Amino acid sequence: MPSTFIDKAVQIGNTSVQNIIRVPGVTDCIKIPVQKPKCRCCRIKTYSHYKGRNTLKFMTGVAPSGIITFVSQCYGGRASDKAICEQSGLINKLEAHIDSIMVDKGFLIDEICENNFIKIIRPSFLRKKKQFTAEEAQFNKNISRARVHVERANQRIRLFTIFNGPFPWSLVQYMDEIFTVACAVVNLQNPVLADDKF
């Protein structure tokens, strides 16, 4: 794994070895709009309050080079990030006491990571403070720089015409395969980052 990604992503303060953590990738969820199903149970499982419509949801993991290295199976838009992370088996692919997982603030997976001895890296919460300390602000900035990889990869997936409008409900049974092929095609495109960036 390129060490520059690790340094830039999670380093706080000086360049001492204690501040460098192994992060195999950045994880995020992507929601794809889907046609409203006729089945009431399916409507409930796919309805996303955040998006205000029926969606399908995948978890993706992107390596420091911008390559999509992990794709979960398809879930309804109602599924939480925590449930997807737990059921997808992503945590089992990480090495206990060695690897870390970088996620957004919405991933409330502290307990899962703690039980599996995986360090979680995510932006700091402001909580009751008025502003972040200089160290916290720098830490959040470094995480944002790393998270842009997964955002760009997910944006490339969304550019496929089949994912632009509501995904046809008649094709939902093939969604896992369609999404996996889309991710493979994204991996074959020009890199998300220039060679001098990793």
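These figures come from a predicted structure and were not determined experimentally.
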- request: Could you tell me whether a side-chain N or O of Asp176 sits under 3.5 Å from a main-chain N or O of Cys74, the two making a donor and an acceptor?
  value: yes
task: Indicate yes or no for a side-chain donor-acceptor contact from Arg43 to the backbone of Lys38 under 3.5 Å, with no hydrogens or angles considered.
output: yes
So which atom in [X] and which in [Y] form the shortest heavy-atom distance, rounded to 0.1 Å?
{"X": "Ala153", "Y": "Val186", "answer": "O-CG1, 4.3 Å"}
{"X": "Ile91", "Y": "Cys113", "answer": "CD1-SG, 4.0 Å"}
{"X": "Gly77", "Y": "Ser48", "answer": "O-CB, 4.0 Å"}
{"X": "Asn140", "Y": "Pro123", "answer": "OD1-CA, 3.3 Å"}
{"X": "Lys57", "Y": "Cys29", "answer": "CE-CB, 3.7 Å"}
{"X": "Arg122", "Y": "Ile109", "answer": "NH1-N, 4.2 Å"}

Any side-chain heavy atom of [X] sitting closer than 4.5 Å to one from [Y]?
{"X": "Lys51", "Y": "Pro33", "value": "no"}
{"X": "Val181", "Y": "Glu177", "value": "no"}
{"X": "Trp169", "Y": "Thr46", "value": "yes"}
{"X": "Val34", "Y": "Val172", "value": "yes"}

Measure the spacing between [atom1] of [X] and [atom2] of [Y] and express it to the nearest 0.5 Å.
{"X": "Ile178", "Y": "Ile162", "atom1": "CD1", "atom2": "CD1", "answer": "4.5 Å"}
{"X": "Met175", "Y": "Thr180", "atom1": "CE", "atom2": "OG1", "answer": "9.5 Å"}
{"X": "Phe167", "Y": "Gln35", "atom1": "CZ", "atom2": "CD", "answer": "9.5 Å"}
{"X": "Ile98", "Y": "Ile118", "atom1": "CD1", "atom2": "CD1", "answer": "9.0 Å"}
{"X": "Phe163", "Y": "Ile32", "atom1": "CZ", "atom2": "CD1", "answer": "5.5 Å"}
{"X": "Ile120", "Y": "Ser100", "atom1": "CD1", "atom2": "OG", "answer": "10.0 Å"}

Under 6.0 Å from the [atom1] atom of [X], do we count more than 12 heavy atoms belonging to anything else shown?
{"X": "Glu114", "atom1": "CD", "answer": "no"}
{"X": "Glu111", "atom1": "CD", "answer": "no"}
{"X": "Lys93", "atom1": "NZ", "answer": "no"}

Could you see if [X] belongs to whatever hydrophobic cluster contains [Y]? Use Ile, Leu, Val, Met, Phe, Trp, Tyr and a side-chain cutoff under 4.5 Å.
{"X": "Met102", "Y": "Leu94", "value": "no"}
{"X": "Leu171", "Y": "Val71", "value": "yes"}
{"X": "Ile157", "Y": "Val185", "value": "yes"}
{"X": "Leu90", "Y": "Ile68", "value": "no"}
{"X": "Ile143", "Y": "Ile101", "value": "no"}

message: Parallel, tilted or perpendicular, judged at 30° and 60°: which one describes the rings of Phe58 and Phe179?
response: parallel
- prompt: Looking at Asp28, Thr27, Leu108, which hits side-chain contact (heavy atoms from CB on, under 4.5 Å) with Val103?
  reply: Thr27
- line: Across all chains, not counting sequence neighbours, the salt bridge (Lys or Arg N to Asp or Glu O under 4.0 Å) partners of Glu151 are Arg147
field: Partner set under ring-ring contact (aromatic ring centres under 6.0 Å, His included) for Tyr75, not counting sequence neighbours
entry: none
Pair Asn142, Gln138: side-chain N/O donor-acceptor within cut-off below 3.5 Å: yes
